[in-house]
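Worksheet: the structure to be examined is printed underneath.
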Amino acid sequence: MSMIEARGLTRHFKTRTGLVEAVRGVDFHVADGELVGFLGPNGAGKTTTQRMLATLLAPTAGEATVAGRDLRRDPTGVRRAIGYVAQGGATNPSAAVDEELVVQARLYGLSADEGRRRARALRDHLDLADLGERLIKQLSGGQRRRLDIALGMIHEPRLIFLDEPSTGLDPHSRANLWGHIRGLRDRAGTTIFLTTHYLDEADALCDRILIIDHGQIVAAGTPAELKRRISGDLVTLEVGDAAAAERARALLADRDGVRDVTIHDAAVRVTVEQGDAAALVLMRALDDAGLAVASLRVAHPTLDDVFLTLTGRSLRDAEADASGASHVGPA
Amino acid sequence: MSVLRDAGTIFRYQLRLLIREPVWFVIALVQPLLYLALFAPLLDRITDTPGFPEGDAWSVFVPGLLIQLGMFGSMFVGFGLIAEVRYGVVERMRVTPASRLGLLLGRVLRDTLVLLVQAALLTAVAVAFGLRVPLVGALITVAIVGLLGVALSSLSYAAGMWLKSEDALAPLLNMVAVPAMLLSGILLPMSLAPRWLYRLSRANPFSHVVDGARAAFRGDYGTTSLLAGLISATLLAIVGLAVATRTFQRETA
Ligand SMILES: Nc1ncnc2c1ncn2[C@@H]1O[C@H](COP(=O)(O)OP(=O)(O)OP(=O)(O)O)[C@@H](O)[C@H]1O
Ligand SMILES: [Mg+2]
């Protein structure tokens, strides 16, 4: 079954400087129980897409089914089934932690007792154990972020949208959060649709990744598929000297599955679909021809390489630009 | 019913948040008393003015003060909503299946309760100062204040939701509030006004509300003034709630 089914989803904004086409006809689906990452640079349209799917923003065009409910015809049905954690936080500084959690539970139709019980359990999970009575303005940024996430989960939704959940968390909290997100999916079968700027996060956490740029999905697949499809793996074989490398190149260039071979000093660099499987085959072929292989290295492309290939920009650059732009004064 | 349930949840939540702000609490309670203490001494001679309505100065002035409380006490709640929008709290609640009307009503009820407490306090203190008013008349007036509270807190939320900016809300409220107050006879009765001004004031629903409250204070329960005042206040509350509900539903669809 599909948990999200988006067809031609589009959103324009009218601004003083003209029309912004934030999301330009995206089509995708997310299966029940999948953990899908939405990866893209600043302004790509990630938040806008999630806000449409979470019933917060009416699409300019297109339609979607979310948790089996039609987005336009049954927004309340959609709301009952989903949780949403906004990018910018969602808590009142003057409220206490458990106060927000219990009110949120009540708004989802749970009793106050049940709300308190779940609040305690979520706090235990998310490293907020002793902070139930604390005012939110007295929390650290990371603690507040984890509270946002707890608020999105208190009703145990079947589908949860997380907009850059790990922004502002230290490495320890991030690792914990990843564990909790995975656990949510593995234990409760919750479908998770998250956006992220972090390549390592998308890579480590997600079953599948959608890459969005300028309001359009430019690629979709498992992290491994994407990396394979875009750049291929690089197998480097050291063969003694330049002459041997030249012979190795002639031998390997025409083999099936080999995309490209280049010489680098005494080594050949072979681009193949799947480096791990190809490495031994390539080595054996050289061995059979009497070329001794001194060393062997397999390098997998990173998602950053994928992103660069697809969009002509590095995701890290996009991030650096955005954070640089928000600083005033000389760098 | 889920509207009432959600309204109750939001009402209690908003009330707790408010009570937690000690500064606000002191201001809310002291302000009406300040009006009483600083304005009442001016009233001693004013009853001799030709055209001043019957009744002693207190029973003319205190109902006006109560209606003013009703008009201004909850007029600025829209600012609080804009802050909540900015914190992301409103959006968080919009994603829940909670009734949109419930989210609005809970806030309006909180504001109205606060107003009723202020109105009761003000009346009690005025009695201690020397006001003489029948109990029923005082209760009717406090109820009218409550209706005004519903109307103006709803309209203020609607304006806040619509404008989403403090910088735009402040001038709008000023533009509406000052003429509405001057043309209502809150401070001085409109019976003192020249004919053209009096006619103009009749177009202002608040002027009927003020007259109604003064009639209630005199114990004139059978007069058309009281009826007109009650009807005006009720209509204002209905219109305010309707506008705010529509705005909430549209802006948070
Ligand atoms: N309310 C709005 N009014 C006008 N333009 C908007 C509005 N919201 C978003 N946009 C524009 O739409 C585009 C997409 O924005 P969106 O917030 O979806 O990006 P994003 O992928 O979430 O970026 P980020 O990584 O920075 O969060 C941007 O160009 C943004 O300026
Ligand atoms: Mg975003």
Side-chain angles (χ1 to χ4, degrees), chain A residues 47 50-51 53-59 66 69 71-72 74-96 98-112 115 135-137 144 147-152 154-155 157 159-161 163, chain B residues 1-25 77 79-107 109-110 160-161 164-165 167-168 247-253:
Chain A
T47 298
Q50 281 206 335
R51 282 169 53 82
L53 293 171
T55 75
L56 286 170
L57 205 59
V66 179
R69 313 295 168 94
L71 191 59
R72 288 177 194 272
D74 186 10
T76 310
V78 171
R79 287 177 189 134
R80 256 190 268 280
I82 65 164
Y84 172 74
V85 177
Q87 183 172 358
T91 49
N92 192 324
S94 314
D98 271 5
E99 194 169 38
E100 289 284 48
L101 285 167
V102 174
V103 164
Q104 182 81 347
R106 299 274 300 153
L107 293 178
Y108 277 105
L110 299 166
S111 73
L135 293 187
I136 286 159
K137 61 180 148 209
R144 210 171 306 148
L147 173 59
D148 289 335
I149 292 163
L151 285 163
I154 192 124
H155 55 303
L159 164 65
I160 181 160
F161 294 97
D163 200 350
Chain B
M1 227 168 85
S2 91
V3 178
L4 294 183
R5 202 191 113 103
D6 294 335
T9 301
I10 297 298
F11 170 74
R12 284 190 297 273
Y13 170 72
Q14 292 286 339
L15 195 61
R16 274 197 308 270
L17 288 179
L18 197 59
I19 289 171
R20 199 166 294 152
E21 298 294 337
V23 175
W24 171 87
F25 212 56
V77 294
F79 287 103
L81 185 69
I82 292 174
E84 282 191 274
V85 168
R86 199 154 292 149
Y87 293 140
V89 176
V90 173
E91 186 167 283
R92 187 187 91 215
M93 295 183 169
R94 282 173 54 193
V95 187
T96 72
S99 142
R100 314 285 113 165
L101 181 58
L103 295 180
L104 171 71
L105 270 185
R107 289 175 166 81
L109 285 178
R110 190 269 318 252
M161 202 71 197
K164 293 195 180 71
S165 140
D167 295 337
T247 311
F248 248 63
Q249 255 148 10
R250 198 184 53 234
E251 299 288 325
T252 65

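All values reported here derive from a predicted model rather than from experimental measurement. Throughout, a chain's letter reflects where its sequence line sits, starting with A, and its residues are numbered from 1.
- Of the listed residues (B:Ile10, B:Leu103, B:Leu17), the greatest number of heavy-atom pairs within a distance under 4.5 Å of chain A belongs to B:Leu17.
- Between chain B and the residues A:Gly88, A:Gly77, A:Ala95, A:Ala54, the most heavy-atom pairs under 4.5 angstrom are made by A:Ala95.
- Of all the heavy atoms in B:Gly88 and A:Ala90, the pair that sits closest is O-CB, 3.6 Å.
- Taking CZ from B:Arg100 and OG1 from A:Thr76, the interatomic distance works out to 7.0 Å, rounded to the nearest 0.5 Å.
- Once rounded to the nearest 0.5 Å, the distance linking CZ of B:Arg16 with OG of A:Ser94 reads 13.0 Å.
- Between the side chain of A:Arg106 and the main chain of B:Arg5, no donor-acceptor pair closer than 3.5 Å is present.
- Inter-residue side-chain proximity for A:Asn92 and B:Tyr13 is flagged as met; some heavy-atom pair is nearer than 4.5 Å.
- Options B:Glu84, B:Arg20, B:Glu21 differ in how many heavy-atom pairs under 4.5 Å they form with chain A, and the most are formed by B:Arg20.
- Residues B:Arg92 and A:Asp148 form no side-chain contact, since every pair of their non-hydrogen atoms from C-beta on lies 4.5 Å or further apart.
- For the atom pair CE of B:Met93 and CG of A:Leu107, the computed distance is 5.5 Å after rounding to the nearest 0.5 Å.
- Considering all non-hydrogen atoms of both residues, A:Tyr84 and B:Val95 come closest at CB-CG1, 3.6 Å.
- Only the side chain of A:Ala86 comes within less than 4.5 Å of a heavy atom in chain B; its backbone stays farther off.
- The closest side-chain heavy-atom distance from B:Thr96 to A:His155 is not below 4.5 Å.
- Considering all non-hydrogen atoms of both residues, B:Arg94 and A:Leu56 come closest at NH2-O, 2.8 Å.
- Heavy atoms closer than 4.5 Å to chain A are found nowhere in B:Arg86, neither backbone nor side chain.
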